[in-house]
Amino acid sequence: GEMAEGVRVEVKGQDPSCMTFVIHNEGHTLGNVLRYFVSKHEDVELCGYSIHHPSDEKLHLRVQLVKNESKKECRDVLKDSLENISGMCDHLEKLFVDACDRKSKGKSEGKSK
């Protein structure tokens, strides 16, 4: 996948099971979606995001994993979550295109009668 122009990600924290990802040029739209998908991951104990100031345009996503034997890292969880979001968007796009195709096909069939 291609990263949107102007988007930059910083990783803060040395502990791979507890990190903050600072995503530049993003806001609440992506923040809410990321928080939801990351929180659903089985290894996540805590996930939240903040935008320190409206003019800052930096999304701070905090991820903390459950201490267990899975050896997952926050980076892995974020990557998995981004892949899940991408898959959901692809699925929604297909449903939308199919619905539009059915609607336009129905209109053209209705006119030919």
Side-chain angles (χ1 to χ4, degrees):
E2 222 173 275
M3 190 179 286
E5 191 174 320
V7 175
R8 189 170 55 105
V9 179
E10 292 175 55
V11 180
K12 295 187 176 195
Q14 299 300 316
D15 181 354
S17 69
C18 187
M19 301 186 110
T20 299
F21 301 92
V22 181
I23 305 168
H24 294 252
N25 300 319
E26 289 296 342
H28 291 288
T29 302
L30 182 63
N32 277 311
V33 173
L34 278 175
R35 183 200 49 77
Y36 177 80
F37 274 82
V38 170
S39 295
K40 293 294 184 188
H41 196 284
E42 64 186 2
D43 293 315
V44 172
E45 181 175 28
L46 174 141
C47 178
Y49 82 92
S50 63
I51 296 172
H52 294 179
H53 191 274
S55 66
D56 199 13
E57 292 187 350
K58 290 180 189 171
L59 167 69
H60 297 253
L61 181 74
R62 180 75 172 170
V63 181
Q64 183 175 323
L65 303 181
V66 177
K67 302 289 185 210
N68 62 26
E69 305 302 315
S70 78
K71 303 295 185 225
K72 276 275 189 186
E73 294 186 4
C74 291
R75 296 170 203 249
D76 302 325
V77 170
L78 181 57
K79 184 175 182 292
D80 292 348
S81 298
L82 288 166
E83 288 171 355
N84 288 339
I85 292 167
S86 180
M88 180 196 68
C89 289
D90 291 345
H91 177 71
L92 286 173
E93 180 183 23
K94 183 185 179 321
L95 291 175
F96 176 76
V97 168
D98 290 350
C100 289
D101 288 349
R102 282 194 307 277
K103 184 149 181 82
S104 60
K105 189 176 182 181
K107 281 185 178 178
S108 64
E109 286 177 357
K111 289 180 181 178
S112 64
K113 289 182 181 180

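Quick caveat, the model's predicted, so the values are computed rather than measured. Only this structure's heavy atoms are used, side chains among them; waters, hydrogens and symmetry mates stay out.
- Atoms CZ and CG, on Phe37 and Asp80 in that order, are 12.5 Å from each other to the nearest 0.5 Å.
- Counting only residues at least two apart or on different chains, the ring pair (Phe, Tyr, Trp, His ring centres under 6.0 Å) pairs with a member in residues 59-78 are His52-His60.
- Closest approach of Ser39 to Val44, counting heavy atoms only: CA-CG1, 4.3 Å.
- Leu30 and Val22 end up in different hydrophobic clusters when Ile, Leu, Val, Met, Phe, Trp and Tyr side chains are linked at under 4.5 Å.
- When all heavy atoms of Gly48 and Arg35 are compared, the closest pair comes out as CA-CG, 4.2 Å.
- The nearest pair of heavy atoms linking Ile51 to His28 is CD1-N, 3.6 Å.
- With hydrophobic clusters built from ILVMFWY side chains whose heavy atoms lie under 4.5 angstrom apart, Val9 shares a cluster with Val33.
- When hydrophobic clusters are built by joining Ile, Leu, Val, Met, Phe, Trp and Tyr residues whose side-chain heavy atoms come closer than 4.5 Å, directly or via intermediates, Leu78 is grouped together with Tyr36.
- Residue pairs meeting the side-chain hydrogen bond (donor to acceptor under 3.5 Å, both in side chains) criterion with at least one partner in residues 84-94, sequence neighbours excluded, are Lys94-Asp98.
- Smallest separation of non-hydrogen atoms from Leu65 and Glu73: CD1-C, 3.6 Å.
- Note: Lys71 NZ to Asp43 CG = 11.5 Å, rounded to the nearest 0.5 Å.
- Following chains of ILVMFWY side-chain contacts shorter than 4.5 Å, one can reach Leu92 starting from Leu82, so the two form part of one hydrophobic cluster.
- Two different hydrophobic clusters hold Val77 and Val66 under the rule that ILVMFWY side chains link at heavy-atom gaps under 4.5 Å.
- Judged as a salt bridge (Lys or Arg N to Asp or Glu O under 4.0 Å), and not counting sequence neighbours, Glu10 has no contacts.
- Looking at every heavy atom in both residues, Cys74 comes nearest to Val63 through SG-O, 3.4 Å.
- Of all heavy-atom pairs spanning Leu59 and Leu34, the tightest one is CD2-CD1, 4.3 Å.
- The structure places NZ of Lys12 at 12.0 Å from CE of Met19, a figure rounded to the nearest 0.5 Å.
- Rounding to the nearest 0.5 Å gives a distance of 3.5 Å between CZ of Arg62 and SG of Cys18.
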